[in-house]
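Heavy-atom basis, side chains included; hydrogens, waters and symmetry copies ignored.
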Amino acid sequence: MAMLEIKDLEVYYGVIQAIKGISFDVNEGEVIALIGANGAGKTTTLQTITGMLSAKKGSILFEGTDITKVPGHKIVSMGMAHVPEGRRVFAELSVYENLKLGAYTRKDKQEIAESLERVYKSFPRLKERKNQLAGTLSGGEQQMLAMGRALMSKPRIILMDEPSMGLSPIFVEEIFNIIKEISASGTTVLLVEQNAKKALSIADRAYVLETGKIVLSGDAKELMNNESIKKAYLGE
Amino acid sequence: GCGSKEAKNEDAFYIGGIGPVTGDAAIYGTAVQNGAQIAVDEINEAGGINGHQIEYNFQDDQGDPEKAANAYNTLKDWGMQVLMGTVTTGPCVSVADLTAADNMFQITPSASSTDVIKNDNVFQVCFTDPAQGTKSAQYIGENNLAKKVAIIYNSSDIYSSGIEAKFVEEAANQNFEVVAEEAFTADSKTDFSTQLQKAKDAEADLVFLPIYYTEASIILTQADSMGYAPTFFGCDGMDGILGVKNFDTSLAEGLMLLTPFAADSKDEKTTNFVSKYEEKYKDTPNQFAADAYDAIYAIKAALEEANATPDMSASDICDLLKDAITKVNIDGATGSGMTWSATGEVNKDPKAVVIQNGEYVGM
Amino acid sequence: MSKMNLKTMKKTTKSNLITYAMVIVIFAVVQILVATGSMSSLMQGLLVPLCTYSIVAIGLNLCVGYLGELSLGHAGFMCVGAFSSAFFTRCMENSSMNPTLRFIIALLIGTAVAAFFGFLIGIPVLRLRGDYLAIVTLAFGEIIKNVINVLYVGKDENGLHFAINDSKSLNMSGTGEMIIDGAKGITGTPRQSTFLIGVILILVALFVVFNLVNSRSGRAIMAIRDNRIAAESVGINITKFKLMAFTISAAIAGAGGVLYAHNLSSLIAQPANFGYNMSIMILVFVVLGGMGNFRGSIIAAVVLTMLPEVLRGLRDYRMLIYAVVLIAMMLFNWAPAAITWRQTHSLKNLFAKKTKEVQ
Amino acid sequence: MRFITYLINGISLGSIYAIIALGYTMVYGIAKMLNFAHGDVIMIGCYVVFMTMSGMNMNPLLSVILAVVVCTVLGVIIEKVAYKPLRKASPLAVLITAIGVSYLLQNIALLIFGADTKSFSSVVPLQNIKIGGITITGVTVVAVLACIVIMIGLMIFIKKTKAGQAMLAVSEDKDAAQLMGVNVNGTISLTFAIGSGLAAIAGVLLCSAYPTLTPYTGSMPGIKAFTAAVFGGIGSIPGAFIGGILLGIIEILGKAYISSQLSDAIVFAVLIIVLLVKPTGILGKPIHEKV
Amino acid sequence: MAMLEVKNLGISFGGLRAVDGFEMQIEKGQLYGLIGPNGAGKTTVFNMLTGVYKPDDGSIVLDGKDITGKKTIDINKAGIARTFQNIRLFKDQSVLDNVKVGLHNHHTYSTLTGILRLPKYFKVEAEMNKKAMELLKVFDLEDEADYLASNLPYGKQRKLEIARALATEPKLLLLDEPAAGMNPNETKELMDTIRFVRDEFDMTILLIEHDMKLVSGICEKLTVLNFGQVLASGNTSDVLNNPQVIKAYLGE
Ligand SMILES: Nc1ncnc2c1ncn2[C@@H]1O[C@H](COP(=O)(O)OP(=O)(O)OP(=O)(O)O)[C@@H](O)[C@H]1O
Ligand SMILES: Nc1ncnc2c1ncn2[C@@H]1O[C@H](COP(=O)(O)OP(=O)(O)OP(=O)(O)O)[C@@H](O)[C@H]1O
Ligand SMILES: [Mg+2]
Ligand SMILES: [Mg+2]
């Protein structure tokens, strides 16, 4: 059974339909890439999965449980984390407080401290700036914080919305290494990226979204060699 | 009855009332509405005015001149022939302007400013503010009640500031000195510690309170808790203080007031009115209720005097009543032998009462 | 110029014309009803107040909807407009001035004085954001109310006398006449406001705000609202345009005050008419009618001013029902769920137009 | 000496403003809305105490506890019915709805309890304290203590507890807070519950110190407390405390030494001046906006 | 003389020295890149250039005029316009109006003229519309002229921001990560647009970008910031091959 199963999902903004019936699944331990042009509906899909938006039709199964109607905060405590588009850090709180909030659903102080150390190890800049207000961080620093914060919940599956946006080239490499590490440590990853090339290079499988529909899917390496993909998303 | 939807009762006088039954001054409007209702019920039960029943309709003005005009127009649509109202001065002035234009007879139970009776179609049941201010000062002076007097008044209220001005003016002619004039406003009427402290510091042995009893009840409590015990002296707005639910009436011991009405009066008119009111509204009537009660009787007396009939227009009735009211003489809850002068003012005697053992006692 | 652009211009122009037309049609209908005697006294008495509140709501909408600043002091501007104009009218009452001319001058004075106070209060506007501004405007309104309640102005052959606290200190000669008499305010202002004047003022106010918001200055004002930092970065003088918008908004409220003052013979400054409660009431008109939607403001002002009067039949329950209706209308107009519901059921709701566009 | 008396009176009044302001600021700080119905929740709390104490002779403490419970429940219900549907709408829309709720509460009270003034007997059994020529009432002592305890309690609650951290997260970004696993609706309900519970306590003290009660009792202190909260820096808990106390002192001293007629004008003028010098109030944090 | 001369620029936030001893010279017509690791201080340099922050030390001279520490508005009037790292559009105004706000200081009439709709109003408005539409056409946005700005897709919002900045007729245009959030195809298109703007409007452009394709594709000169200080500066290819730059920024 797939870890995450989306079936015939339809999502609306008011009367505008953003997702027009998509189905896909994510198996435990996989890295799945979701790619598509601007406005294709990638963010909408992720937001619907974590309960920030509600689906009009269709269902979302997480480890066999139907979470379509489950309130967002409960989904998080079921083991799902989300690095949102636009970072969404708590601007008036310090870096440390932001990270602490990431572990909101967890109880064991010892384990939380361990996670914190791990995050600081992946993102040394955050450790340097742990008392700085998150709102004053640079764009890239905020992106790191958003990622670190999501990791603090020790999720079994993590949804990432354009984690490499605004990062320096060297750090883009780094972030993809971190994603690989996360995956290697057993966490399932659903990755939305504009940097399709990089995303496909680390993904197991991928889905291509166009104006609210899935138009292509398959093995990531194969898709990388698909001519139309190359043309539309890899800029070759 | 409410509004124009009902079929008009051809054989009844349509008397309207206006006052605040919601909003900050609701307490006064409600009293007037109820007091008048008692009179209307009595009259209707006893066979009406020259055999004609009264239709009575009371409209809310929230204490606001503009809403009062709306209330007045509503009553006009309903078919009002005589207006009993409005309760407070500001709205009354704006309505008086409208009644003058329509030539509608108007008698206000409690709007006490002289501006109210500028037009010849408007009459008052209560004393005018200047009269109360002057009479209070005279009474205090003539009876040697005090050497030093402090005043606490509501500067945002027409009634209160009107009396205060005249009181101070008259005080110059009296044998006491005004040592403190302290104000409060509609927006800060819960804490009087400062005003009291200043009165105390000025060594006032009498504090004049030309205000309503709502605020007075706090003043008495706060004075007590700061150990200040001068004589308190109020006007007609003070009446009702003993009726405040849960009020420790021992605090009001010795409170003097110049008022035409005292709910504890033993005369027949008052006891009748008070018992009916208490039965119907589970509450002790205050000055406002009594004024309204008398206002309805004044209208009745004048209508009878003029031999008016319900088929007359409001304007015709007004012409008759303007004259007739100056000829009537009624005994009411707020005084016996009340008469009206053509200027609109009432002639009746204020009674000076003092609260003793939780009761009003005439002085 | 491209076709698209022409279309834009047409869309706003059309909407503005509809608003003007709405006002004129209502005026005509009312005139017919009055002429044929089929309008109740209540409704006739309400005509001028309806205009007053529509005008003030238009003014406040400029501030809230376009400048994006919350003002809880528009009753204060209305108050200064009312008192200054009534003061002028009463001073000139016994002069030989033509009453119409006198009214026009009173109107200009009321508007100008309110504008002046708007300008004064506008200075803190520049430094404060959001709710801090709200509280400063609220404070302003309360100060005005308090000061007017203890202000005494009298007139005698020696000219005007001013005093704070009591009328004695005016030292007037015996023949003097009080004009502003403390808490009693101004009494006996001639009732010159008519529905026609009210409608003309509404049209003028609409003309001013429509043309303002569709001009260069209007765009600057909206740019400040939408993104202050970006507006600065394209060289917009924040101070100037904020002040301008706020001053115009206050001036319009002042004009409403003039209409108010000349509709009642008793002008007093009380919590009920010029307190923060009234400011909030006007804000209710603006928000319910849709921020940035002047037509909505007028409709909301009319509906909500009439509602408690229409509910008079319900007696003791009327204010209760009024509160319930207000909450229900707010939920229906603003709750995202309700908006979606309306969109999906394509209910043409006048109030909701702007909301939809903004969302 | 006299000055000290005035000062004490000011602190007494101020501490009551402060307690109300704490509730205001709490709700504002977290839910980002001006709950204009707060003053009316206070009024309802007072009526509960009035009815149970003087009507049913209930023990004062029990009666106050009952009032806190009633107000808490009321606050939560109001939030659920009137504010929650507007969670994603403009904050102004919520403000207006709050005003509707305020009218509603006032008129319900008017219908149930009538317009007449009720005299409220103090729930504080303490005797007045006399030091030299200065009298401090029992209510003052209790109000000041309550105010300090509540302020410190709230500060610790927000800084140290998980629920407090959740509130901070919700106040900044509801969606992001939800992504942390915070129950946003629950947190806002909790905020309203605490704010309304505080309103009950504030109301009881208000009416004990200034013993009259009408359906409109809550509205003016509510506005004054809102002013106090802004004065101190809205959203800031110690700010609400300082703002409340200062407002009370300014009001009393203004009345005592400048003019009792103009005391409202004085209070508001000081407020404007303070905001001109410090645009975010005394303890308000400047807004960080990274460009 | 250089179009922009920055000398010894520095600023601290609390204890953090965000930019220190920063120097830069941009010649008229140049396409200049400012790159560096995250948090190096690039946006902060932009903020000082545009008056959002007042520099603690150093000087900024634009076209011979000292603009150090001036207010944002004055700096814009002096000739610097910018876009923002996180897009700042006038969301509730139409696309066309966004650009017209940019034209504010160059096509003027008084408020009263606007309210009274004097002939000048119509004349200037027509000019503004024409000018704004021309600008929109450059960015391929003319079909969306009457959309609300917030309804545009992300990539178009970035372009609109550039169009608005250009409308203020600057001498120097600052772009903060114009390609962020764009896919490779959109980035390519953007590169063409930037080049076009430079040629067509005779513009001097300074941009911050992490997308190396864009940087190497269009920038003529580069300055690399690291921890607030200039790490390297010079011709694009030289800088990009600088081992220090590779180590600190580019990787591999
Ligand atoms: N709040 C909203 N209201 C209305 N429409 C929206 C809203 N948010 C997104 N949309 C629309 O829904 C569609 C999908 O948007 P979404 O943000 O999911 O795209 P995306 O694939 O994440 O794009 P991007 O690469 O720009 O992040 C788009 O057409 C967008 O315009
Ligand atoms: N207002 C501020 N208060 C405190 N620190 C600040 C402030 N603004 C910026 N900083 C810090 O200064 C440093 C430089 O920030 P800046 O935004 O200029 O970085 P940047 O080079 O643009 O990075 P990125 O590529 O990630 O956007 C960062 O470490 C940031 O945290
Ligand atoms: Mg997206
Ligand atoms: Mg940056």
Side-chain angles (χ1 to χ4, degrees), chain C residues 64 70 121 123-124 127-136 138-147 149-150 164-166 182 228-229 233 271 276-277 280-281 283-284 286-288 291 316-331 333-339 355 358, chain D residues 28 32 34 36 81-82 84-108 110-111 219-220 223 226-227 229-231 233-235 259-273 275-281 284 287 289 291:
Chain C
V64 175
L70 176 56
I121 284 296
I123 296 169
R127 298 175 46 94
L128 303 174
R129 309 256 178 92
D131 304 306
Y132 291 95
L133 174 70
I135 202 78
V136 166
L138 184 147
F140 158 75
E142 296 301 298
I143 291 175
I144 286 290
K145 182 163 63 88
N146 189 210
V147 169
N149 273 320
V150 294
I164 289 276
N165 288 356
D166 55 29
R228 197 180 52 82
I229 290 168
S233 85
Y276 67 90
N277 265 319
I280 289 175
M281 208 51 233
L283 184 67
V284 173
V286 170
V287 176
L288 191 64
M291 282 175 273
D316 296 349
Y317 294 94
R318 80 181 176 115
M319 292 316 284
L320 186 77
I321 304 286
Y322 174 74
V324 172
V325 172
L326 177 60
I327 297 172
M329 283 203 275
M330 283 312 297
L331 295 183
N333 263 314
W334 282 94
I339 291 170
T355 336
V358 173
Chain D
Y28 178 87
K32 289 283 175 265
L34 288 175
F36 269 129
V81 175
K84 193 175 154 207
L86 296 173
R87 188 84 20 101
K88 293 209 167 88
S90 149
L92 265 188
V94 194
L95 175 87
I96 302 299
T97 312
I99 287 158
V101 171
S102 161
Y103 289 168
L104 184 67
L105 293 180
Q106 286 174 6
N107 284 290
I108 289 176
L110 190 65
L111 281 177
S219 63
M220 201 60 216
I223 283 293
F226 166 45
T227 312
V230 174
F231 198 35
I234 191 148
S259 158
S260 57
Q261 278 95 332
L262 289 172
S263 71
D264 300 328
I266 294 165
V267 171
F268 284 117
V270 171
L271 172 83
I272 294 182
I273 293 166
L275 288 185
L276 283 185
V277 179
K278 194 137 189 327
T280 50
I287 306 149
E289 193 173 9
V291 180

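- Heavy-atom pairs under 4.5 Å with chain C were tallied for D:Ile108, D:Leu262, D:Leu271; the largest tally goes to D:Leu262.
- Expressed to the nearest 0.5 Å, how far CD1 of C:Ile164 lies from OG of D:Ser259 amounts to 8.5 Å.
- Here C:Ile144 contributes atom CD1 and D:Phe268 contributes atom CZ; the two are 13.0 Å apart, rounded to the nearest 0.5 Å.
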Give the intermediate values and the outcome of side-chain contact (heavy atoms from CB on, under 4.5 Å) for residues D:Asp264 and C:Glu142.
CA-CA 7 Å; D:Asp264 300 328; C:Glu142 296 301 298; 5.7 Å; no

Start with the C-alpha distance between C:Tyr276 and D:Met220, add both sets of side-chain angles, then the distance that settles side-chain contact (heavy atoms from CB on, under 4.5 Å), and finish with yes or no.
CA-CA 10 Å; C:Tyr276 67 90; D:Met220 201 60 216; 4.0 Å; yes

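- Rounded to the nearest 0.5 Å, atoms CG (C:Leu326) and CD1 (D:Ile99) are 8.0 Å apart.
- Using a 4.5 Å cut-off between heavy atoms, D:Ile223 contacts chain C through its side chain alone, with no backbone atom that close.
- Applying the side-chain hydrogen bond (donor to acceptor under 3.5 Å, both in side chains) test to D:Ser263 and every residue at least two apart in sequence or in another chain returns nothing.
- Proximity of D:Leu95 to C:Val287: side-chain heavy atoms (C-beta onward) are nowhere separated by under 4.5 Å.
- Here the closest non-hydrogen pair linking C:Met330 and D:Thr97 is CB-OG1, 3.5 Å.
- Using a 4.5 Å cut-off between heavy atoms, C:Ile321 does not touch chain D at all.
- Residue C:Met291 comes nearest to D:Ser90 through the heavy atom pair CE-OG, 3.5 Å, listed as atom of the first residue, atom of the second, then distance.
- Residue D:Val270: no heavy atom, backbone or side chain, is found under 4.5 Å from chain C.
- For chain C, the option among D:Gly281, D:Ala269, D:Gly100, D:Ser102 with the highest count of heavy-atom pairs below 4.5 Å is D:Gly100.
- Neither the backbone nor the side chain of D:Leu110 has a heavy atom closer than 4.5 Å to any heavy atom of chain C.
- Looking at D:Val101, the atoms closer than 4.5 Å to chain C (heavy atoms on both sides) sit in the backbone and in the side chain alike.
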One pair to check against side-chain contact (heavy atoms from CB on, under 4.5 Å): C:Leu70 and D:Leu92. What are the steps and the verdict?
CA-CA 9 Å; C:Leu70 176 56; D:Leu92 265 188; 3.5 Å; yes

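- Remark: side-chain polar atoms of C:Asn146 are paired, donor with acceptor, to backbone N or O of D:Gln261 under 3.5 angstrom.
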side-chain contact (heavy atoms from CB on, under 4.5 Å) between D:Val94 and C:Trp334, worked out:
CA-CA 9 Å; D:Val94 194; C:Trp334 282 94; over 6 Å; no

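- At a 4.5 Å heavy-atom cutoff, C:Val325 makes no contact with chain D through either its backbone or its side chain.
- Of the atoms belonging to D:Leu111, it is side-chain heavy atoms, and not backbone ones, that fall under 4.5 Å from chain C.
- The heavy-atom pair separating C:Ala335 from D:Pro85 by the smallest distance is CB-O, 3.5 Å.
- Interatomic distance, CG of D:Leu105 versus CG of C:Leu320, reported as 10.0 Å (0.5 Å rounding).
- Residue contact with chain C, scored on non-hydrogen atoms closer than 4.5 Å, is absent for D:Phe231.
- For the residue pair D:Phe226 and C:Ile135, the shortest heavy atom distance occurs at CE2-CD1, 3.3 Å.
- Listed by chain and residue number, D:Leu104 satisfy the side chain to side chain contact (heavy atoms under 4.5 Å, CB included) test with C:Val324 (two or more places apart in sequence, or in another chain).
- When heavy atoms are compared at a cutoff of 4.5 Å, C:Val147 approaches chain D by way of both its backbone and its side chain.
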